[in-house]
2 protein chains.
Amino acid sequence: MAESTRPMRRQDIRRENEKAILLAAEKVFAEAGFGGATMQLIADLAGLPKANLHYYFATKEELYRSVVQNIFEIWLQAANCFDAARGPIDGISAYIDAKMEISRRHPDGSKVWASEVMHGAPVLQDYMESTLREWTDGRVEIIRRWIEEGKMDPVDPRHLLYMLWATTQHYADFGHQIETLNGGKALSDRQWREAKENIKRVILTGIGALPA
Amino acid sequence: MAESTRPMRRQDIRRENEKAILLAAEKVFAEAGFGGATMQLIADLAGLPKANLHYYFATKEELYRSVVQNIFEIWLQAANCFDAARGPIDGISAYIDAKMEISRRHPDGSKVWASEVMHGAPVLQDYMESTLREWTDGRVEIIRRWIEEGKMDPVDPRHLLYMLWATTQHYADFGHQIETLNGGKALSDRQWREAKENIKRVILTGIGALPA
DNA sequence: CTGAAAGCTGACCATACGGTCAGGATGCAA
DNA sequence: TTGCATCCTGACCGTATGGTCAGCTTTCAG
């Protein structure tokens, strides 16, 4: 039990408990959805009494909001890949890699995000109308420039972005289906690499950025 | 009220009520998830007393199961497009069209399906391990043959299928996000057509079935 | 016409859930 | 050491939900 439970500093206590709660919440929300998740389940998974959750997060909604915002941050970070790039090959490759890595490392977060959007984004509507829209518009502009410069075919930038989101996110959200079709086993390192390579090749070739 | 409520035949009553319930359930399950959906909400939307739902569907689980199986049927029908085709251009085009049409006409069903899979397919696991697996294996074989016949590049058939599923399903599951980024308006006929064309062009070009 | 089967429903119940709170334990600054 | 702020939690509460049921109405075969 109290093997290495030397006295913790207040700061640490707070940080660690919040972290444990958020991690547990992410998993439970991903597996059961907002409505199906219970504070008790989250508490058990976090190894804390239920009342303690309410000490850190007043309501279920507030906890959920924190989880969703967390994943949105991660999501946005991957977005930077686009900016540093000099052309579609760099940019889109890096973006696909980054988003696939998120799908692999944060499948629960991805599912929560998907769930949130599917249910009409009750929490994230504001972000979608501001941050996300701005980000998208910016990337559309970049892609448009690449097209003008003859670096790729004239593909509708928005639909291209949707395709990138869809394809990469799919490996998290539908991971269970993919796993089932993979003989019940999670994708291996090699299979993940192949997935990435396939996606990159098809899309980059498809938009005329790579020679056919 | 009772304007055209001439006596109904028993059969009709049963069929119509079940239909109304399933339709309402599909919508509520899509919007709230299984856990967030309530029988009361479904009953209200179907215009029936709650107790009446339980007359037709004993439990919430049973109702949910029916909804999920319904959408799976529709999903499988689109699958036939693949078989009649003589090559990737026909087959994949038709499949994309069919799946996009499902995303457009049955967004709620698509969301329920996505939700089901995201939560580990508690209801559909059997189908996934039998019907879906067989279907997938069959299509993989077809694609493999197309590759052998030189009708397309050697792309991993499974990842190609995932890409098709992901890209088309995205327009239903993330419809709210797309709508928000589209200025809060649903995609027009024309935009749907453009979406389809873009997807088809990028993928068919990407796999080397169309000249770059 | 009649009786039985099918369809319907308001009222009810047990449970589970989100949330509260009083009061105890613990760290930490002075 | 002391006092206080933070941290913790068992016990509790009101409500909403899935589900039941007794008894009503409607259809329809014979």
Side-chain angles (χ1 to χ4, degrees), chain A residues 1-22 24-29 31-68 112 119 122-123, chain B residues 1-22 24-29 31-68 112 119 122-123:
Chain A
M1 298 301 164
E3 42 186 2
S4 68
T5 322
R6 55 162 169 157
M8 273 179 164
R9 287 214 320 260
R10 283 228 176 107
Q11 249 189 345
D12 297 340
I13 291 177
R14 179 148 219 122
R15 202 174 333 126
E16 286 201 16
N17 279 345
E18 280 182 354
K19 197 172 154 190
I21 294 170
L22 285 170
E26 183 175 284
K27 184 164 187 184
V28 173
F29 281 134
E31 284 175 359
F34 178 80
T38 70
M39 294 299 266
Q40 188 62 64
L41 226 64
I42 297 172
D44 291 349
L45 193 62
L48 295 170
K50 192 185 72 164
N52 208 350
L53 295 212
H54 283 98
Y55 175 72
Y56 286 103
F57 299 91
T59 66
K60 191 183 174 186
E61 272 83 4
E62 189 185 316
L63 175 53
Y64 174 74
R65 182 180 294 266
S66 295
V67 171
V68 170
V112 174
H119 298 352
V123 162
Chain B
M1 297 298 167
E3 41 186 3
S4 68
T5 323
R6 55 165 169 152
M8 273 180 164
R9 287 216 320 259
R10 284 227 178 108
Q11 251 189 342
D12 297 340
I13 291 178
R14 179 147 220 124
R15 200 172 337 125
E16 285 200 16
N17 279 345
E18 280 181 355
K19 197 172 153 190
I21 293 171
L22 284 170
E26 183 174 285
K27 185 165 186 183
V28 174
F29 282 133
E31 284 175 359
F34 177 80
T38 71
M39 294 298 268
Q40 189 62 61
L41 225 65
I42 296 172
D44 292 348
L45 194 61
L48 295 170
K50 192 185 71 163
N52 208 349
L53 294 212
H54 284 98
Y55 175 72
Y56 287 102
F57 299 92
T59 66
K60 190 183 174 186
E61 272 84 4
E62 189 184 317
L63 175 54
Y64 174 74
R65 181 181 296 266
S66 295
V67 170
V68 170
V112 175
H119 298 354
V123 163

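Naming convention: chains lettered A, B, ... in sequence-line order (proteins, then strands); numbering from 1 in each chain. Quantities reported herein were computed from a predicted structural model and do not represent experimental measurements. Below, all heavy atoms of this structure are taken into account, side chains as well, without hydrogens, waters or symmetry copies.
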What nucleotide, of D/dG19, C/dG7, C/dG10, holds the atom closest to the side chain of B/Lys60?
-> D/dG19
To the nearest Å, how far apart are B/Phe57 CZ and D/dT17 P?
-> 21 Å
Can you tell me the distance, in whole Å, between the CZ atom of A/Arg15 and the P atom of D/dT6?
-> 17 Å
Under 4.0 Å between a side-chain N or O of B/Tyr55 and OP1 or OP2 of C/dG7?
-> yes
Rounded to the nearest angstrom, tell me the gap between atom CG in A/Leu63 and atom C1' in C/dG18.
-> 12 Å
What's the closest nucleotide to the B/Asn52 side chain, out of C/dG18, C/dC8, D/dC7?
-> C/dC8
Atom CE of B/Met39 and atom C1' of C/dG10: how far apart are they, to the nearest Å?
-> 17 Å
What is the distance from CD1 of A/Ile13 to P of D/dT6, rounded to the nearest Å?
-> 13 Å
Atom CG of A/Leu53 and atom CG of A/Asp44: how far apart are they, to the nearest 0.5 Å?
-> 9.0 Å
Just checking B/Glu61: base, sugar-phosphate only, or nothing, at a heavy-atom cut-off of under 4.0 Å?
-> sugar-phosphate
Below 4.5 Å, heavy atoms only, C-beta onward: do A/Asn17 and A/Ile13 meet side chain to side chain?
-> yes
So what does A/Ala37 hit on the nucleic acid, given a heavy-atom distance under 4.0 Å: a base, only sugar-phosphate, or nothing?
-> sugar-phosphate
Find the distance B/Gln40:CD to D/dA16:P and express it as a whole number of Å.
-> 12 Å
From CG of A/Leu53 across to C1' of D/dC8 the rounded distance in Å is 12 Å
Could you tell me whether a side-chain N or O of B/Lys60 sits under 3.5 Å from a main-chain N or O of B/Ala37, the two making a donor and an acceptor?
-> yes
So which one's nearest nucleotide on DNA chain C is more toward 5', A/Ala51 or A/Thr38?
-> A/Thr38
Quick one: is A/Arg14 getting a side-chain N or O under 4.0 Å of the D/dC7 phosphate, OP1 or OP2?
-> yes
Which sits closer to the 5' end of DNA chain D, A/Lys50 or A/Tyr56, going by the nucleotide each is nearest to?
-> A/Tyr56
From the options D/dT20, C/dC8, D/dC8, select the nucleotide whose nearest atom is closest to the side chain of B/His54.
-> D/dT20
For the pair A/Leu63 and A/Leu22, evaluate side-chain contact (heavy atoms from CB on, under 4.5 Å) and give the outcome as yes or no after the intermediate values.
-> CA-CA 7 Å; A/Leu63 175 53; A/Leu22 285 170; 4.0 Å; yes
Taken to the nearest whole Å, CD/B/Glu62 to P/D/dG18 is 15 Å
For the pair B/Arg65 and B/Glu61, find out whether any cationic side-chain nitrogen is under 4.0 Å from an anionic carboxylate oxygen.
-> no
